[in-house]
There are 2 protein chains.
Amino acid sequence: MTQSPYQIESILRGLQVLSLFNHHTPTLSLTEIKNAAGLNKTTAFRIVSTLESAGYLKRDPETKRYRPGLKVLQLGFAAISSLEFRQVARPYLRQLSEAANETASLSVLDGMEVVYVDRVRQQQIVGVLLGIGSRIPAQCASMGKVMLANLPPANLEVLLSQPLQPCTPHSLTDRGALEAEFDRVRTQGYALNDEELEIGLRAVAAPIWDHTNSVVAAINVSGSARTISFQRLIEELAPSVSETARQISQAIGFGGIR
Amino acid sequence: MTQSPYQIESILRGLQVLSLFNHHTPTLSLTEIKNAAGLNKTTAFRIVSTLESAGYLKRDPETKRYRPGLKVLQLGFAAISSLEFRQVARPYLRQLSEAANETASLSVLDGMEVVYVDRVRQQQIVGVLLGIGSRIPAQCASMGKVMLANLPPANLEVLLSQPLQPCTPHSLTDRGALEAEFDRVRTQGYALNDEELEIGLRAVAAPIWDHTNSVVAAINVSGSARTISFQRLIEELAPSVSETARQISQAIGFGGIR
DNA sequence: AAACCATGTTTCTTTCAGTGAAACATTTCA
DNA sequence: TGAAATGTTTCACTGAAAGAAACATGGTTT
């Protein structure tokens, strides 16, 4: 994110309002929007009215509460479609999934959460049904660990200063343990998940690097602990996933230096 | 979409720029944006710079082309999460899919296209792999037909005045045939798709009504013509899908009058 | 019933944020 | 190489956007 001399405040305010809605707060009232965004009441009302009339917010006339409108959905779909690494990664993901006969996924990091942006499924995963847009705590996920491990240290520091929640008794939440895990991940080039997200679920992930030498996404192969033994995870799937991630990285212009 | 006295032009321009990106044009140059949006060059540059610095656009420094940034993705995910009928419909969709041992889907109508917003898959569908965000021509899809059939007549008139493309030799593109089909759909309360979208694919869809007595979405069950005979489609799946749609409609506040 | 409070909506005034023209810088192409 | 196209910055202007205040509505309390 570059700091530009141009900052159209009105646009930023409109987008700020749209970004107030999330999984936990799918609807908001005018006052809630005003308070959350720190805006003058009249300004908030005008922004909300503008967004509503343009289809970006939808208002329930009875409750007077707002929720994102179809236009936001369209923006999101277009953004998913235009993710360069998603377009490039799709065929690789499909091939990986078929070769392993397990589910292969692609995700991005959003704060301390992993967000799924693509998925090729071979069989029903026990327990968790994760579709596109699904979010899980990053520290519990193989893909999350891979992306966190490759963050610039200052960014990682900010994220790790928050309290972390466990997902299962196997989850790592102790900061020291996590940092040791990130060291391991950076060295190996992949991250394992051994029932940390959900009991009965195993996964291995590797990072996708782009042409600016940043990790922009991660892929993984995941499945039931019944079909994925720990030995298979290490000896078969880790090399496969790592190689596929390397191919995708190369395909999107990664130069190989990190 | 209500016409409000408040229209903050700057916000609308910013959002207009964001909505220029789509599946066919995932990246755009400044000049392309300027021309497509009909903006003054300097204004376009400032809007684009604002959006870039806020994470809504990402610029490739080499090509100087822009594509949607992660922040748009986040908006889209939040919008998907906050779709009320999607939250309510998920368990019903899962149950329907399991009972039929076929794939169940949920979609919304966007112009003359159906956009998938949820999907519970039981087995690999022959041919088309449709994920969340996928779009198909509405006239070729069971869910599209159900939603079109229940549009206000003036809205439907506008959409039908455009030329329609066929998907397979079985597709309906003749206006007279479509209108007869919509009458049938309104009477029956469901729509069939008998290899109109893709050879070898059959589906049946029913509309989801909300508390304002509008059709806001549709669900369907679809599968291979090998596992879904025409008889099974009519006798087993159509009643199932219709009943599930009725339950979802009721659950989101539909009063039953239409 | 009246008073009070909270929220949503409209009106009015002010001023500077945002616009567009023009100039400049860089890149592309014949 | 020069011209054209594209991208970026500067400057002048004004009305678009902001915020204060008033008004409207609905719910609660005395």
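Below, read A as the first sequence line, B as the second, and so on, with proteins coming before strands; counting in each chain starts at 1.
- Sequence order on DNA chain D of the closest nucleotides to A:I47 and B:F45 puts B:F45 first from the 5' end.
- Heavy-atom nearest nucleotides on DNA chain C were determined for B:T42 and for A:T63, and the one closer to the 5' end corresponds to A:T63.
- What separates CD of A:Q7 from C1' of C:dC16 is a distance of 17 Å, to the nearest Å.
- With rounding to whole Å, A:L30 atom CG is found 13 Å from C:dT10 atom C1'.
- Reading DNA chain D from its 5' end, the first and the last nucleotide to sit under 4.0 Å from a heavy atom of chain A are D:dT9 to D:dA22.
- Within the nucleic acid shown, A:T31 comes within 4.0 Å of sugar-phosphate atoms alone, with no base atom in reach, counting heavy atoms only.
- For the pair B:I8 CD1 and C:dA17 C1', the computed distance is 13 Å after rounding to whole Å.
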Secondary structure string for DNA chain C (Watson-Crick or G-U under 3.5 angstrom, | for other-strand pairs): ||||||||||||||||||||||||||||||
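- The backbone N or O of B:W209 sits less than 3.5 Å from a side-chain atom of B:S249, completing a donor-acceptor pair.
- No donor-acceptor pair under 3.5 Å is formed between the side chain of B:S105 and the backbone N or O of B:R119.
- Looking at B:Q7 and A:S53, their side chains do bring a donor and an acceptor atom within 3.5 Å of each other.
- Ranked by how close their nearest DNA chain D nucleotide is to the 5' end, B:E32 and B:R46 are led by B:E32.
- Rounded to an integer number of Å, the gap from A:L28 CG to C:dG8 C1' is 15 Å.
- One can place CG of A:L12 at 13 Å from P of C:dA17, the figure rounded to the nearest angstrom.
- Contact annotation for A:R59: backbone-only contact, meaning every heavy-atom pair under 4.0 Å involves sugar-phosphate atoms and none involves a base.
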For nucleotides 24-28 of chain C, list the nitrogen or oxygen atoms of the protein found under 3.5 Å from its nitrogen or oxygen atoms, one pair per line.
none

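- A donor-acceptor pair is defined here as one N or O able to donate and one able to accept, closer than 3.5 Å; such a pair exists between the side chain of B:R186 and the backbone of B:A149.
- For A:T25 (side chain) and A:F21 (main-chain N/O), no donor-acceptor pair under 3.5 Å exists by modelled atom type.
- Considering OH of A:Y66 and CG of A:L30, their distance stands at 6.0 Å, rounded to 0.5 Å.
- Side-chain contact between A:V216 and A:V108 is absent, with no heavy-atom pair separated by less than 4.5 Å.
- Proximity of a side-chain donor or acceptor of B:S4 to a complementary backbone N or O of B:Y6 within less than 3.5 Å is detected.
- With hydrogens and angles ignored, no donor-acceptor pair under 3.5 angstrom links the side chain of A:S10 to the base of C:dA17.
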Test salt bridge (Lys or Arg N to Asp or Glu O under 4.0 Å) on B:D60 and B:R65 and set out the steps. CA-CA 6 Å; B:D60 184 324; B:R65 298 183 71 82; over 6 Å; no
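- Remark: the backbone N or O of A:L39 is not paired with any side-chain donor or acceptor of A:T43 at under 3.5 angstrom.
- A sub-4.0 Å separation between OP1 or OP2 of C:dT10 and a side-chain N or O of B:Y6 is present.
- One finds no side-chain N or O of A:R13 lying less than 4.0 angstrom from the OP1 or OP2 phosphate oxygen of C:dA17.
- Checked by atom type, the side-chain pair A:T27/A:R67 shows no donor-acceptor distance below 3.5 Å.
- A donor-acceptor pair is defined here as one N or O able to donate and one able to accept, closer than 3.5 Å; no such pair exists between the side chain of A:E52 and the backbone of A:S49.
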